[in-house]
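Reviewing the structure listed below.
Residue numbers start from 1 in every chain, and the chains themselves are labelled A, B, ... in the order their sequence lines are given, proteins ahead of strands.
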There are 2 protein chains.
Amino acid sequence: MSDRKGKANLEDIARQAGVSKMTVSRVLRGGTGFSDDTRDRVMATARQLGYVPNRLAAAFGSDAASTLVGMCVPRLTSGLFGHVLDGVDRALSRLGYQVMIGANNHSTEEEEAWVRQVISWRPAGVILSGRSHSPGTVDLLRNAGMPVVEIWDLTTSPIDMSVGFSHHDCGAEIGQFLLRRGRRRAGYVGALARADVMGQSRLDGFQAALSGGGHPLVGKEVLSDTPGFYAGYYGLETLLARNLHLDVVYFHNDEMAIGGLAYCQARGIRVPEDLGIVGWGGMEAASVLPKRLTTTVVPTTAIGKAAAEALVARLRGEPGADVTVIPTRLVPGETA
Amino acid sequence: MSDRKGKANLEDIARQAGVSKMTVSRVLRGGTGFSDDTRDRVMATARQLGYVPNRLAAAFGSDAASTLVGMCVPRLTSGLFGHVLDGVDRALSRLGYQVMIGANNHSTEEEEAWVRQVISWRPAGVILSGRSHSPGTVDLLRNAGMPVVEIWDLTTSPIDMSVGFSHHDCGAEIGQFLLRRGRRRAGYVGALARADVMGQSRLDGFQAALSGGGHPLVGKEVLSDTPGFYAGYYGLETLLARNLHLDVVYFHNDEMAIGGLAYCQARGIRVPEDLGIVGWGGMEAASVLPKRLTTTVVPTTAIGKAAAEALVARLRGEPGADVTVIPTRLVPGETA
DNA sequence: TCAGGTTACGTTACCGGTAAACCTGTGGCA
DNA sequence: TGCCACAGGTTTACCGGTAACGTAACCTGA
């Protein structure tokens, strides 16, 4: 056994089984061109030597052999993206791929830095979150010539493929829903400001719908904090302190909306009578609250799965749509 | 430019800059053995050609050059592990490493399958969650001779290194705390049963403390469901239906405890007067609830960071402890 | 009976870096 | 003057697979 780290390689197996390296390679990859007898002998030898394949060598030697997929999310601590990641990982690992992760913290520069790193591993493909990227990122990916899936926020002109839904439509749908329910003085509580392009899209859609219905947004409060429970709590406190006589507040996401609900409960504000509360995302907690949160449920796992499958389909040369819509669902709860 | 995918390589840069491949390699890695003039020329040429390094080739050619780290968590959808992953990723990406993820779904077999895959990429090191692994996993890792960090549940005899805290102690601490607060009839609501070894450790510690204090656990309900809000809600409902006159319930984690709180609120059970509720983990939501949840706060991000740093220290040959304790903190809230 | 296809292999070249050993000119010093 | 150290390189070998092509033995049908 050639003993760089004491590991057996194809050559060791070949020698011991009395065949060539290439035959061993073919057998282990489950190809054709060998007899049943040879296959059994090679397999037995490989097992006996404790052979651990070297994907590094395989991917290096042949551009087609990489089973690595890069996936970049805005934040690893987001509950929603945890589910997306889970969907991606389940689908890909079942097909023999491995996932390399990254977080861009809602920054296109950080995303570009990550893409630069991940590309240096010559992955089979890359999954990005969102549809706004730096020119450098787009260049790098175009040049790399590998499948790219942009998820979460749908785009009709993707770098390569897009899987997700329209954030703008989500916001608009909620706006129209609230108008139908008779709400007239809507506010918004968000976080991360310009950084989160997709949250901004929802707000844009929301505002457009409200204005279109003749009752434009009355006030908004956008913190530069992490969009979590705290930010929802204090964001609502700040917004209400401005005495705008709001009758409903749309939140950046469910976490923040639940923070808002906590604030209402603490201050004796009745929901939905005194104030309506609406979230976005569809986290599990939202449905076991004393009052079920009105929100948009996003099929996170399905998006991850669809992205992974689109990527693999392209790698296999199967035909597939460039744009896949995974619809969200407005779930009227008891808070608006 | 040799055009396998149209990408420039060291040789292209070398030719154009009028030096050898090796000199280019040294310059790009920031080594020594070249003049300032040569360095500037090489750097300029690399930029001009849009050189993207090939880490695959580097890691393949030299076992020491890998910047890949594998990280396996029980579930990617867990809020706590999202933070651990974040801690790991931040620390590692700052140091130039990339993270390959995996989920074992609380199964040592799935973990072994993942380890087999990740090792085939010849990573610089591996981070695992938990301390119970299949013999095959331990063999593979020992044989690979790379740094391994076991996180989350501390072990005094790690495969290589261990970073975390004792789940058993967490449970015991809560047990003692509740006894001091005068609770005498404690119950437990959990999930995943045998599969989640660490949850079981907490329960063991909890029971030991209660028994030691003369008031053993009265009843428990362990669902084979995902340990989330729903499971907490229905688990508590089922447990209380047995009319055991419990005065406090310890939950597998905060999500389940919050589900339990939701159940109490729905049924008019006063917390903490009629029933105490205790969680585990320290999720953000727990602190903006109408009543702050009594729980154990786990420094998730710090554990991830410490694990990453221990791994890198070992890679650099710096001295470091094999076992690093990251203490948890019992936070008495208003629910017990 | 023999051209032509098929099966079951073997051979060769190559992927793009890095380690290690090897050169070469220059300056310092005994 | 001769020797050595050192800066600033170059050369060579190798990592472990895979693609592409070559080939001998066997089969098959006209």
May I ask you to evaluate whether [X] reaches the phosphate of [N], defined as a side-chain N or O under 4.0 Å from OP1 or OP2?
X	N	value
A/Tyr51	D/dG17	yes
A/Asn9	D/dG16	yes
A/Thr23	C/dA8	no
A/Thr38	C/dC9	yes

What's the closest nucleotide to the side chain of A/Ser20 if the choices are C/dG16, D/dT11, C/dT11?
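Nearest nucleotide to the side chain: C/dT11.
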Rounded interatomic separation in angstrom, taking [atom1] from [X] and [atom2] from [N]:
X	N	atom1	atom2	result
A/Phe60	C/dC14	CZ	C1'	8 Å
B/Asn54	D/dC15	CG	P	18 Å
B/Leu56	C/dC15	CG	C1'	10 Å
A/Trp121	C/dG16	CH2	P	16 Å
B/Asp12	C/dC15	CG	P	11 Å
B/Arg15	D/dT10	CZ	P	14 Å

Tell me the salt bridge (Lys or Arg N to Asp or Glu O under 4.0 Å) pairs involving [range], sequence neighbours left out?
range	result
residues 40-53 of chain A	A/Asp37-A/Arg41
residues 139-165 of chain B	B/Arg131-B/Asp153, B/Asp160-B/Arg314
residues 72-98 of chain B	B/Asp86-B/Arg90

B/Phe34: what forms a ring pair (Phe, Tyr, Trp, His ring centres under 6.0 Å) with it, not counting sequence neighbours?
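So B/Phe34 forms no ring pair (Phe, Tyr, Trp, His ring centres under 6.0 Å) with any residue.
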Is A/Phe34 stacked on the base of C/dC9, meaning ring centres closer than 5.5 Å and planes within 30 degrees of each other?
no
Quick check on DNA chain D: between B/Arg122 and B/Ser35, whose nearest nucleotide comes earlier from the 5' end?
B/Ser35
Any residue meeting side chain to side chain donor-acceptor pair (under 3.5 Å) with A/Gln16, in chain and number order, not counting sequence neighbours:
none
Among side-chain atoms of B/Arg116 and B/Ser120, is any donor-acceptor pair under 3.5 angstrom?
no
Between protein and nucleic acid, restricted to nucleotides 18-27 of chain C and to nitrogen or oxygen atoms under 3.5 Å apart, what atom pairs and distances do you find?
from   : atom 1 : to      : atom 2 : distance (Å)
C/dT18 : OP1    : B/Arg29 : NE     : 3.4
C/dT18 : OP2    : B/Ser25 : OG     : 2.2
C/dA19 : OP2    : B/Arg29 : NH1    : 3.0

Mind checking whether A/Leu315 and A/Tyr97 have side chains closer than 4.5 Å, heavy atoms only?
yes
